[in-house]
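Just so you know, these numbers come straight off a predicted model, no measurement behind them. Along the sequence shown, residues carry numbers from 1.
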Amino acid sequence: MTDLKNDRFLRALARQPVDQTPIWIMRQAGRYLPEYKNTRARAGNFMTLCQTPELACEVTLQPLERYPLDAAILFSDILTIPDAMGLGLYFVEGEGPRFQKRIETIRDIQNLPIPDPEGELVYVVNAVRTIRRELSGRVPLIGFSGSPWTLATYMIEGQSSRDFASAKALLFDQPKALHQLLEKITAAVTEYLNAQIQAGAQAIMIFDTWGGVLSPANYAEFSLRYMHKIVDNLIQENEGRPVPNILFTKNGGQWLESMAETGCSALGLDWTTDIKKARERVGDKVALQGNLDPCTLYASHETIRKEAHKVLKSFGNGPGHIFNLGHGIHQHIDPEKVATLVDAVHSYQHT
């Protein structure tokens with residue numbers, strides 16, 4: 001096992017004292033960086049970038065060359081599992097992901113295979129192995145997946161959606177069929193994340209991007225229930241260290257107590273939830289990650305510092321905070337603004 005030179009992120013997830021609040025940024029390896037655009041152009045297309053471990057490693061490490069971030073996150077996409085299930089993922093420039101096939105019938109659900117992480121998804125697992133080797137213990141590596149509900153919405157709609165009409169129609173009209181689909185995706189996600197852990201991921205994050213479109217009762221039944229099942233079945237320790245996990249439901253601030261009951265290590269917060277109140281609600285059950293509005297990075301350097309310090313002050317003293325944006329960084333952000341943010345977080349002194 002490579003000893004970590006910087007374990008601030010893992011210590012904060014364990015709610016242990018740290019010398020500085022750790023920071024990483026959702027989508028930190030991405031389109032706002034000119035070096036990412038160069039690598040993406042070299043790859044030819046997004047799927048080749050994801051499916052070539054050396055290139056995925058290259059873009060994973062790019063933000064760490066620019067900024068003293070406290071964690072790396074695997075460069076991949078949440079839709080790798082549906083693609084490996086045979087739905088045929090592709091991307092339309094300026095419009096996002098599409099599937100060649102989508103889930104329309106019970107038979108479609110029954111015919112879905114559980115992909116083998118060392119087979120159809122081996123390119124992701126090999127990317128994890130490559131990144132861990134190249135990191136040489138600099139910072140921890142985060143692995144991730146989309147949540148079962150979020151993956152199901154894309155698989156049913158065939159693309160991203162504003163109203164999730166087809167997915168919600170299935171939920172209301174054929175809940176048993178939707179549960180069958182979610183059970184299958186949950187099994188796939190659990191195997192996938194455990195393979196990432198075995199390959200070297202030192203923390204895991206589950207992105208429930210679309211859980212917030214559900215009613216409270218439907219969120220509990222169709223989203224949280226399955227994330228809970230994943231958390232229960234994740235590898236808890238590897239290489240002599242605990243492997244913590246983070247649950248993030250966008251627009252899910254009203255359900256923090258229920259999310260904390262899953263036994264997860266941390267909750268990601270979007271910017272619509274006050275972090276001080278979130279901390280009061282969940283107590284010392286979990287660490288908290290977040291939660292600056294990503295649009296703050298369009299503001300001046302001075303404003304970025306002030307807004308970052310507001311979040312840090314709102315969390316208050318004591319362990320258990322990982323600084324992040326409330327969602328992914330936007331593609332048109334000036335990279336210099338990110339440098340200001342990282343410095344503002346690391347230099348902040350709690351009083």
Side-chain angles (χ1 to χ4, degrees), residues 1-30 57 60-76 128 131-145 193 196-197 199-207 231 234-248 264-269 275 278-279 282 284-292 308 311-312 315-329 338-339 341-348 350:
M1 183 187 77
T2 305
D3 286 331
L4 277 168
K5 301 176 182 72
N6 172 0
D7 67 352
R8 205 177 276 143
F9 168 71
L10 295 179
R11 289 179 64 82
L13 280 174
R15 302 187 303 285
Q16 296 172 354
V18 290
D19 58 333
Q20 300 171 342
T21 299
I23 176 173
W24 71 279
I25 295 169
M26 286 188 270
R27 295 195 192 129
Q28 65 189 25
C57 176
T60 297
L61 299 182
Q62 282 170 351
L64 299 178
E65 300 303 321
R66 275 189 181 256
Y67 316 113
L69 295 160
D70 296 295
I73 184 164
L74 162 71
F75 180 81
S76 187
V128 173
I131 296 161
R132 262 303 296 274
R133 184 181 69 243
E134 294 302 316
L135 276 171
S136 299
R138 194 189 325 183
V139 293
L141 174 61
I142 305 165
F144 72 92
S145 172
L193 291 177
Q196 290 184 36
I197 292 168
Q202 291 147 298
I204 290 296
M205 185 156 170
I206 299 173
F207 287 89
V231 170
L234 284 177
I235 294 168
Q236 299 296 315
E237 186 175 304
N238 193 45
E239 302 178 309
R241 290 179 183 269
V243 182
N245 52 74
I246 306 163
L247 297 189
F248 173 67
C264 65
S265 312
L267 298 179
L269 305 176
I275 197 167
R279 192 179 183 191
V282 300
D284 61 359
K285 273 188 179 168
V286 290
L288 294 175
Q289 179 177 278
N291 64 334
L292 187 72
V311 172
L312 290 157
F315 180 86
N317 294 322
H321 183 208
I322 300 100
F323 196 99
N324 209 315
L325 302 179
H327 201 239
I329 187 169
V338 178
L341 175 64
V342 175
D343 180 68
V345 173
H346 279 161
S347 62
Y348 183 80
H350 285 282

What are the two closest non-hydrogen atoms of [X] and [Y], and how far apart are they?
X      : Y      : result
Ala203 : Phe9   : CB-CE2, 3.8 Å
Pro140 : Leu10  : CG-CG, 3.8 Å
Pro244 : Gln202 : CD-O, 3.3 Å
Ala12  : Ala287 : O-CB, 3.6 Å
Gly143 : Ala201 : N-CB, 3.8 Å
Ala344 : Ala308 : CB-CB, 4.2 Å

Checklist entry - Passes side chain to side chain contact (heavy atoms under 4.5 Å, CB included), Leu267 versus Ile246? Steps please. => result CA-CA 5 Å; Leu267 298 179; Ile246 306 163; over 6 Å; no
Checklist entry - Charged N to carboxylate O under 4.0 angstrom, Arg8 versus Asp19? => result yes
Mind checking whether [X] and [Y] have side chains closer than 4.5 Å, heavy atoms only?
X      : Y      : value
Gln28  : Leu69  : yes
Asp7   : Val18  : no
Ile322 : Asp70  : no
Gln289 : Trp24  : yes
Val243 : Glu237 : no
Pro319 : Gln16  : no
Val342 : His346 : yes
Phe315 : Thr21  : no

Checklist entry - Between Val311 and Phe323, does a side chain to side chain contact (heavy atoms under 4.5 Å, CB included) hold up when you go through it step by step? => result CA-CA 8 Å; Val311 172; Phe323 196 99; 3.7 Å; yes
Measure from the side-chain N and O atoms of [X] to the backbone N and O of [Y], and report whether any donor-acceptor pair falls under 3.5 Å.
X      : Y      : result
His321 : Arg15  : no
Lys285 : Cys264 : no
Gln196 : Phe144 : yes

Could you give the distance from [atom1] ([X]) to [atom2] ([Y]), rounded to the nearest 0.5 Å?
X      : Y      : atom1 : atom2 : answer
Ser347 : Gln20  : OG    : CD    : 8.0 Å
Leu312 : Ile275 : CG    : CD1   : 8.0 Å
Glu239 : Asp3   : CD    : CG    : 10.5 Å

Checklist entry - Taking only residues two or more places apart in sequence, or in another chain, which ones meet Ala72 in a side chain to side chain contact (heavy atoms under 4.5 Å, CB included)? => result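 Scan of Ala72 (side chain to side chain contact (heavy atoms under 4.5 Å, CB included), adjacent residues dropped) gives Thr60, Leu64, Leu135, Val139, Leu141.
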Item to check | With Arg133 via side chain to side chain contact (heavy atoms under 4.5 Å, CB included) - residues at least two apart | outcome: Thr130
Checklist entry - Between Asn245, Val231, Ile235, Leu234, which is the residue that forms a side chain to side chain contact (heavy atoms under 4.5 Å, CB included) with Leu193? => result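 The residue from Asn245, Val231, Ile235, Leu234 that satisfies side chain to side chain contact (heavy atoms under 4.5 Å, CB included) with Leu193 turns out to be Leu234.
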Checklist entry - What do the steps show when you test Gln62 against Phe75 for side chain to side chain contact (heavy atoms under 4.5 Å, CB included), and what is the final call? => result CA-CA 11 Å; Gln62 282 170 351; Phe75 180 81; over 6 Å; no
Checklist entry - Could you walk me through whether Ile142 and Leu74 pass the side chain to side chain contact (heavy atoms under 4.5 Å, CB included) check? => result CA-CA 6 Å; Ile142 305 165; Leu74 162 71; over 6 Å; no
Next on the checklist: Test side-chain hydrogen bond (donor to acceptor under 3.5 Å, both in side chains) on Asn291 and Asn324; report intermediate values, then the result.
Outcome noted: CA-CA 5 Å; Asn291 64 334; Asn324 209 315; over 6 Å; no
Checklist entry - Between Tyr348 and His350, does a ring-ring contact (aromatic ring centres under 6.0 Å, His included) hold up when you go through it step by step? => result CA-CA 6 Å; Tyr348 183 80; His350 285 282; 4.8 Å; yes
